Amino acid sequence: VQLQASGGGLVQAGGSLRISCAASGRTFRNYSMYWFRQAPGKEREFVAGINWSGGSSSYVDSVKGRFTISRDNAKNTVYLRMNSLKPEDTAVYYCAADRASYTGSSKVLPDYWGQGTLVTVSS
């Protein structure tokens, strides 16, 4: 599967942004989907994950209550809605797909990765 992330940009602190990730292929619904991010000078970290149906999701503590992951299997797309953005949310955001069944764990190493989209939050 090929993944194409989009929707990043510059937003002021407290603002909102929705980023998207479009997947190729007809088997999108078979994949657990994830968002990771990498801030300058830091390691890549798990942000959110969602199971095949969209009925189960998980988040890193720092974004709980502010970010929402969702998916539309008919459109082969996964989304990350980000509210109440903070400067520390500034990072390149990557979507990823995993053939393994979703467990809710953040300790995953997905099989496929998109190219990333930059989100910059100004103070």
Side-chain angles (χ1 to χ4, degrees):
V1 62
Q2 292 184 321
L3 304 171
Q4 180 74 39
S6 62
L10 175 64
V11 61
Q12 289 188 332
S16 297
L17 197 64
R18 189 183 76 163
I19 56 178
S20 304
C21 176
S24 64
R26 294 177 289 180
T27 60
F28 175 73
R29 65 185 297 115
N30 292 342
Y31 292 91
S32 303
M33 297 299 298
Y34 299 89
W35 287 99
F36 286 75
R37 67 185 178 185
Q38 187 166 20
K42 296 188 177 181
E43 294 186 352
R44 187 175 300 185
E45 69 167 347
F46 167 90
V47 176
I50 192 167
N51 76 331
W52 72 273
S53 68
S56 183
S57 59
S58 60
Y59 302 88
V60 66
D61 285 347
S62 60
V63 308
K64 284 181 180 177
R66 300 189 298 122
F67 289 13
T68 302
I69 187 172
S70 62
R71 67 189 294 164
D72 185 337
N73 288 339
K75 295 182 178 180
N76 283 10
T77 301
V78 62
Y79 305 97
L80 187 68
R81 175 68 179 183
M82 303 179 288
N83 296 329
S84 303
L85 282 161
K86 304 175 182 180
E88 51 263 43
D89 294 320
T90 295
V92 176
Y93 284 72
Y94 298 90
C95 61
D98 196 12
R99 290 171 292 183
S101 295
Y102 179 78
T103 64
S105 174
S106 63
K107 301 185 185 304
V108 294
L109 188 60
D111 300 304
Y112 304 98
W113 294 81
Q115 88 291 356
T117 186
L118 176 61
V119 173
T120 303
V121 184
S122 63
S123 58

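Here the structure is a predicted model, which means the values were calculated and not measured.
Side-chain contact between Y112 and R99 is present, with heavy atoms from C-beta onward closer than 4.5 Å. At least one side-chain heavy atom of S122 sits less than 4.5 Å from a side-chain heavy atom of L10. Within the 4.5 Å cutoff, side-chain heavy atoms of S58 are placed close to those of F46. L3 is not listed as a side-chain neighbour of Y94, based on a closest heavy-atom distance of 4.5 Å or more. Contact annotation: the side chain of V47 never approaches that of M82 to less than 4.5 Å [non-hydrogen atoms, C-beta and beyond]. With a 4.5 Å cut-off on side-chain heavy atoms, F28 and M33 count as touching.
For the atom pair S32 OG and R71 CZ, the distance stands at 7.0 Å (nearest 0.5 Å). Rounded to the nearest 0.5 Å, atoms CZ (R29) and CG (D72) are 11.0 Å apart. Rounded to the nearest 0.5 angstrom, Q4 CD and S20 OG are separated by 11.0 Å.
Grouping the Ile, Leu, Val, Met, Phe, Trp and Tyr side chains by contacts below 4.5 angstrom, directly or via other members, places W52 apart from I50. Taken together through direct or relayed side-chain contacts under 4.5 Å among Ile, Leu, Val, Met, Phe, Trp and Tyr, Y79 and L118 form parts of separate hydrophobic clusters.
Closest approach of A97 and Y31 over heavy atoms only: CB-CD2, 4.0 Å. Shortest non-hydrogen contact noted between S123 and P87 is CB-CG, 3.8 Å. Closest approach of R66 and S84 over heavy atoms only: NH1-O, 2.9 Å. Shortest non-hydrogen contact noted between S57 and I69 is CB-CG2, 3.7 Å. Looking at every heavy atom in both residues, Y59 comes nearest to T68 through OH-CA, 3.3 Å. Across all their heavy atoms, V121 and T90 have their closest contact at N-OG1, 2.9 Å.
The pair K86-D89 does not meet the salt-bridge criterion, since no charged nitrogen lies less than 4.0 angstrom from a carboxylate oxygen.
A donor-acceptor pair is defined here as one N or O able to donate and one able to accept, closer than 3.5 Å; such a pair exists between the side chain of T77 and the backbone of K75.
Remark: of the listed residues L17, V92, I19, L80, I19 is the sole one forming a side chain to side chain contact (heavy atoms under 4.5 Å, CB included) with T117.
Relative orientation of the Y102 and Y34 rings is tilted, given thresholds of 30° and 60° on the angle between their planes. The aromatic rings of F67 and Y93 are tilted relative to each other, their planes meeting at an angle between 30° and 60°.
No more than 12 heavy atoms of other residues, nucleotides or ligands lie within 6.0 Å of CD in Q2, so this atom counts as exposed by the packing criterion.
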